[in-house]
Colleague: 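Dumping the structure here so I can ask a few things about it.
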Amino acid sequence: MNIRIFNTLTKKKEFFETVEPRKVRMYVCGPTVYDSSHMGHARSVVVFDVIVRYLQNQGYEVTYVRNFTDIDDKIINRAKELGIDTKELAEKYIKEFYEDMDALNVRRATLEPRATEHIGDIIQVVQKLIEKKMAYPLDGDVYFSVESFKEYGKLSGRKLEDMEAGARVAVNERKRNPFDFALWKSAKPGEPAWESPWGKGRPGWHIECTAMSSSLLGETIDIHGGGKDLVFPHHENEIAQSEAAFGKNFVRYWIHNGFVNINQEKMSKSLGNFLLIKDIIKIYLPESIRLFLLSNHYRSPIDFNEKAMEEASGALEKIYTFLERVEDQPGMPGKSDKETGHLWQQFCDAMNDDFNTAQGLGVLFSAVRNLNRILDESGDQLSHEDWEQIKAGYSDVLEIGDILGIFKQSPKSYFEQKRQKGLKDEAIDPKLIEKMVDERTEARKAKAWTKADKIRDELLDMNIILEDRADGTVWKYND
RNA sequence: GGCGGCAUAGCCAAGUGGUAAGGCAGCGGUCUGCAAAACCGCUAUUCACCAGUUCGAAUCUGGUUGCCGCCUCCA
């Protein structure tokens with residue numbers, strides 16, 4: 001049980017040691033709820049969902065906090081456009097976020113705080129920073145002074161001097177340093193605002209995470225995660241605020257996931273290629289999407305495209321086919337076997353190495369192939385030894401699926417679901433298919449192969465694939 | 001301009017010092033009336049290029065080329 005994690009702070013894989021034995025305090029930056037969630041959100045959320053599942057499986061008690069940023073400029077602007085208040089807007093997208101994530105079989109975090117629920121904590125941290133002279137009020141705003149924090153830049157590997165050279169930040173003459181960032185922003189008329197020692201206003205973006213992390217998890221936590229894009233400035237600023245305020249190491253392990261590209265392009269509003277989760281799940285099964293997202297190492301970029309999704313769907317089906325095959329074995333005792341075997345251990349080896357799900361999937365597929373071979377070779381009389389291997393493999397596959405958040409349904413319902421979806425997409429009456437399959441069965445009995453093959457071809461045109469098994473013909477939808 | 005990442009077969013993708021996982025596609029085969037599914041075999045003497053360290057490098061060092069990301073809201 002020696003997990004190694006790539007720490008963005010040290011740029012090295014380090015053995016995972018928690019502050020408190022067997023307990024993990026973990027914070028992951030959640031969405032700013034001003035718009036629907038896209039595939040990038042899906043990746044981040046799924047990756048950390050898998051990490052939490054694995055840590056729990058390995059015996060850690062995980063307190064997992066994932067926040068909602070429910071107040072900020074983007075929310076204010078969007079609400080203004082729509083003519084609704086910010087709270088209403090935030091609620092709408094929080095609800096959507098849950099719908100998307102439930103569909104993707106993402107478990108809820110232990111705590112899911114909202115920035116607006118922690119205004120008091122935020123004000124306290126800001127005050128503390130002012131007292132320590134590491135922040136300064138300015139006309140109702142409060143800024144963090146980056147120069148006061150000597151280690152500023154340690155996460156992103158930047159130096160203030162270097163950045164100033166090629167500065168692309170809008171210069172605000174009033175700030176002491178162009179990189180000073182707002183902890184508190186004064187409210188313009190009509191904007192949502194909270195009372196504070198500096199007048200009415202709202203928190204800056206970065207401070208909420210410091211406040212919520214420290215108040216819910218403590219001043220030093222084990223893991224802080226998020227997308228790579230958050231390294232600078234968001235997480236850099238969080239470190240500065242937190243370590244300045246509390247005088248302690250803020251985070252032990254920083255974990256950042258890579259981007260999702262769309263057909264080799266970065267997702268961006270300007271390119272108009274933002275793929276929303278709610279649209280993607282209309283086309284692909286959520287489990288296929290999870291499998292796709294986990295098929296690359298979490299730190300590498302991943303390219304979303306039709307071919308990749310078809311491969312992921314095919315891979316999912318391959319494993320469901322195996323599971324169904326095992327469950328159809330006479331004498332299959334169901335999922336009783338809880339003992340984990342060789343395969344599970346190999347999967348853990350992959351996961352222990354910086355949560356290498358891509359390698360873990362390799363283990364899974366080669367195991368499925370081996371187990372299928374055993375089934376092929378033994379025909380209908382499985383030896384005791386073979387049967388033990390199959391049972392152990394089967395339960396390991398399910399255990400792995402549990403970590404990855406796939407194979408949640410039975411193979412029967414998976415295939416049924418696919419058939420239903422196919423019929424709906426193609427607008428086909430299932431009775432027609434049953435009728436054609438029956439006709440073909442009759443033709444085959446009469447050895448009228450030409451007729452039988454003609455029916456099969458007709459079904460194929462409807463994307464229906466037939467499998468003639470020993471106990472009858474089964475049809476599947478081919479997407 | 002500053003900082004960082006990546007380059008492995010037709011495609012996707014693991015592998016950070018010990019002689020190239022896995023998936024898809026392709027070809028050949030087993031099975032099948034024929035298929036489908038499944039399985040077996042074949043498919044990178046080689047890991048962008050050049051030099052170096054080493055008994056040994058895809059893995060380490062230096063350089064070259066190409067692609068990408070961050071530095072502005074962003075998962």
Side-chain angles (χ1 to χ4, degrees), chain A residues 8 11 13 28-32 34-35 37-48 72-74 77 153 156-170 179 205 225-234 236 256-261 264-269 274 291-292 295-297 299-303 305 307-308 310-312 314-315 317-318 321-322 324-325 346 350 353 356-377 379 444 447-450 452-453 456-457 460 464-470 473-476 478:
Chain A
T8 310
K11 296 181 176 59
K13 282 187 198 170
V28 174
C29 290
T32 299
Y34 75 108
D35 205 349
S37 301
H38 57 248
M39 286 304 291
H41 295 111
R43 184 180 196 189
S44 178
V45 173
V46 165
V47 160
F48 288 103
D72 101 319
D73 291 353
K74 292 192 294 295
N77 292 337
S156 54
R158 287 151 212 261
K159 295 192 180 79
L160 282 171
E161 313 87 76
D162 294 344
M163 290 196 294
E164 280 168 51
R168 279 173 61 184
V169 279
F179 290 95
W205 174 34
K228 261 195 164 78
D229 49 336
L230 296 179
V231 172
F232 190 89
H234 185 52
E236 192 69 69
H256 292 97
N257 65 275
F259 292 119
V260 177
N261 293 328
Q264 322 265 25
E265 277 181 335
K266 193 200 159 170
M267 270 200 288
S268 76
K269 301 260 178 192
F274 255 79
L291 200 60
F292 160 73
S295 64
N296 277 26
H297 184 88
R299 276 188 282 117
S300 308
I302 189 167
D303 192 50
N305 57 70
K307 185 167 175 280
E310 276 168 12
E311 281 189 15
E317 177 134 339
K318 187 187 180 79
T321 302
F322 162 75
E324 183 182 45
R325 189 179 182 189
Q346 284 183 307
D353 185 9
N356 195 335
T357 53
Q359 191 175 49
L361 287 173
V363 172
L364 185 60
F365 288 119
S366 78
V368 166
R369 196 183 60 227
N370 287 333
L371 293 163
N372 266 322
R373 186 180 54 229
I374 293 174
L375 288 167
D376 273 5
E377 286 175 354
R444 290 181 70 224
K447 297 201 190 300
W449 307 123
T450 313
D453 292 348
R456 185 170 62 197
D457 289 343
L460 188 60
I464 304 295
I465 291 181
L466 300 184
E467 285 183 26
D468 295 328
R469 299 185 189 174
T473 298
V474 172
W475 64 271
K476 289 184 173 176
N478 177 37

Colleague: Looking only at heavy atoms, what is the nearest atom pair of A:V260 and A:M39, with distance?
Modeller: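 Closest approach of A:V260 to A:M39: CG2-O, 3.7 Å.
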
Colleague: Categorize A:G258 for me: base, sugar-phosphate, or nothing, with a 4.0 angstrom heavy-atom threshold over every strand shown.
Modeller: base

Colleague: Within the structure shown, what part of the strands sits under 4.0 Å from A:F322 by heavy-atom distance: base, sugar-phosphate, or nothing?
Modeller: nothing

Colleague: Backbone N or O of A:R299 within a donor-acceptor pair of the A:K228 side chain at under 3.5 Å?
Modeller: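 Confirmed, A:K228 side chain pairs with A:R299 backbone.
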
Colleague: Under 4.0 Å, counting only non-hydrogen atoms across every strand here, what does A:M39 touch: a base, just sugar-phosphate, or nothing?
Modeller: nothing

Colleague: Has the side chain of A:N296 got a donor or acceptor atom that lies under 3.5 Å from a matching backbone atom of A:P301?
Modeller: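 Yes; at least one donor-acceptor contact below 3.5 Å.
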
Colleague: Please work out if A:V474 contacts a base, only the sugar-phosphate, or nothing of the nucleic acid, heavy-atom cut-off 4.0 Å.
Modeller: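 Contact class for A:V474: none.
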
Colleague: Report yes or no: does A:D303 contribute a side-chain atom to a donor-acceptor pair with the main-chain N or O of A:Q264 at less than 3.5 Å?
Modeller: yes

Colleague: Hey, does A:S268 reach any base, or is it just sugar-phosphate, or nothing, if we go heavy atoms under 4.0 Å?
Modeller: nothing

Colleague: What is the nucleic acid contact for A:N296, judged by heavy atoms within less than 4.0 Å: base, sugar-phosphate only, or nothing?
Modeller: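 Sugar-phosphate contact only - A:N296 comes under 4.0 Å of backbone atoms but never of a base.
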
Colleague: For a quick check of understanding: with a heavy-atom distance under 4.0 Å over all strands, which category does A:R43 fall into, base, sugar-phosphate or nothing?
Modeller: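 No contact.
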
Colleague: Can you check whether A:H297 reaches A:Q359 side chain to side chain, under 4.5 Å on heavy atoms?
Modeller: no

Colleague: Reckon A:H297 touches a base, only the sugar-phosphate, or nothing at all at heavy-atom distances under 4.0 Å?
Modeller: sugar-phosphate

Colleague: Touch check for A:L230, heavy atoms < 4.0 angstrom, all strands: base, sugar-phosphate only, or nothing?
Modeller: sugar-phosphate

Colleague: Generate the contact string for nucleotides 18-33 of chain B. Rules: B means base contact, S means sugar-phosphate contact only, - means no protein heavy atom under 4.0 Å.
Modeller: ---BSBS--------B

Colleague: Can you name the residues that form a side chain to side chain contact (heavy atoms under 4.5 Å, CB included) with A:D35, not counting sequence neighbours?
Modeller: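 Here the qualifying residues are A:R78, A:Y93, A:K269.
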
Colleague: Sequence neighbours left out, what passes side chain to side chain contact (heavy atoms under 4.5 Å, CB included) with A:N372? Give chain and number order.
Modeller: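 Applying side chain to side chain contact (heavy atoms under 4.5 Å, CB included) to A:N372 gives A:F322, A:R325, A:V368, A:L375.
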
Colleague: Could you measure between the two C1' atoms, the one in B:rA13 and the one in B:rG17, and give it in whole Å?
Modeller: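 Taking atom C1' in both B:rA13 and B:rG17, they lie 22 Å apart.
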
Colleague: Assign A:I465 to base, sugar-phosphate, or nothing according to its heavy-atom contacts below 4.0 angstrom with the strands shown.
Modeller: sugar-phosphate

Colleague: Using a heavy-atom cut-off of 4.0 Å across all strands, would you classify A:G227 as base, sugar-phosphate, or nothing?
Modeller: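 Answer is sugar-phosphate: A:G227 comes under 4.0 Å of backbone atoms only.
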
Colleague: Between B:rA7 and B:rA58, how many Å separate the two C1' atoms, rounded to a whole number?
Modeller: 11 Å

Colleague: Mind checking the P distance from B:rA57 to B:rA20? Whole angstroms is fine.
Modeller: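 Per the computed distance, 12 Å lies between those P atoms.
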
